[in-house]
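Below is one structure, written out as structure tokens; comments come after it.
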Amino acid sequence: MVAKLSKDLIYEILSVVDEIPKGKVASYGQIAKLIDRPKNARLVGKVLSQASYYGDYPCHRVVNHAGRLAPTFPNQKDLLLDEGVEFKKPTHVDMKNFQWDM
DNA sequence: GTAATGACAAGAC
DNA sequence: TGTCTTGCCATTA
């Protein structure tokens, strides 16, 4: 227990993250919209930073709108590559082909 | 109550 | 995609 965010937010966000199909990535904005909070993209990031504490969630499939990975999660790239997600650049995912298509 | 912070988004160039 | 600016929102001090 490091920082208690709204349990509602955490549950909703992690619930969506858990639905991201393997080999795909979703943007914070996408998730924010799915939880009915289109402007809470930043909150999503905060919750995700603690996601590992609340449970086992594929937070590595969540990237920002530019396809960049989390600054505190360097291993994220490796995990994505292992799932088939390609990187156009060392720091950017190929969003065009691997963004979660709903 | 106010200010600062953050794994961001969207628009403009 | 990259960088800069503005906007949003919840948490923390």
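Predicted, not measured: the structure shown is a model, and the values here were computed from it. Below, chains carry the letters A, B, ... as their sequence lines are ordered, and counting in each starts from 1.
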**Message:** Can you give me the dot-bracket string for DNA chain B, 5' to 3', counting Watson-Crick and G-U wobble pairs with both distances under 3.5 Å, using [ ] for crossing pairs and | for partners on another strand?
**Reply:** .|||||.||||||

**Asked** Under the side-chain contact (heavy atoms from CB on, under 4.5 Å) criterion, do A/Asp36 and A/Glu12 qualify, and how do the steps go?
**Response** CA-CA 9 Å; A/Asp36 202 51; A/Glu12 292 180 83; 5.6 Å; no

Examine [X] and [Y] and state if one hydrophobic cluster contains both, with Ile, Leu, Val, Met, Phe, Trp and Tyr joined whenever side-chain heavy atoms are less than 4.5 Å apart.
X       : Y       : answer
A/Tyr54 : A/Ile35 : yes
A/Val17 : A/Leu80 : no
A/Tyr53 : A/Val62 : yes

**Request:** Would you classify A/Ala70 as touching base, sugar-phosphate or nothing, given that sugar-phosphate means primed atoms plus P, OP1 and OP2, and contacts are heavy atoms under 4.0 Å?
**Result:** base

**Message:** Can you measure A/Asp8 atom CG to C/dT11 atom C1' for me and round it to whole angstrom units?
**Reply:**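 My rounded result for the distance is 15 Å.
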
**Request:** Rounded to the nearest angstrom, tell me the gap between atom CG in A/Leu69 and atom C1' in B/dA7.
**Result:**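 Distance check: A/Leu69 CG to B/dA7 C1' gives 10 Å.
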
**Whichever of A/Asn64 and A/Lys46 has its nearest DNA chain B nucleotide further upstream toward 5'** = A/Lys46

**Message:** Taking 4.0 Å as the cut-off, does a side-chain nitrogen or oxygen of A/His65 come that near to OP1 or OP2 on C/dT1?
**Reply:**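 The answer is no; no side-chain N or O of A/His65 sits under 4.0 Å from OP1 or OP2.
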
**Message:** With side-chain contact (heavy atoms from CB on, under 4.5 Å) as the criterion, how do A/Tyr11 and A/Lys7 come out once you've worked through the C-alpha distance, each side chain's angles and the decisive distance to 0.1 Å?
**Reply:** CA-CA 6 Å; A/Tyr11 181 80; A/Lys7 201 138 191 213; 5.6 Å; no

**Message:** So if I take residues 15-40 of chain A and measure heavy-atom distances to DNA chain B, which residues fall below 4.0 Å?
**Reply:** A/Ser27, A/Tyr28, A/Gly29, A/Lys33

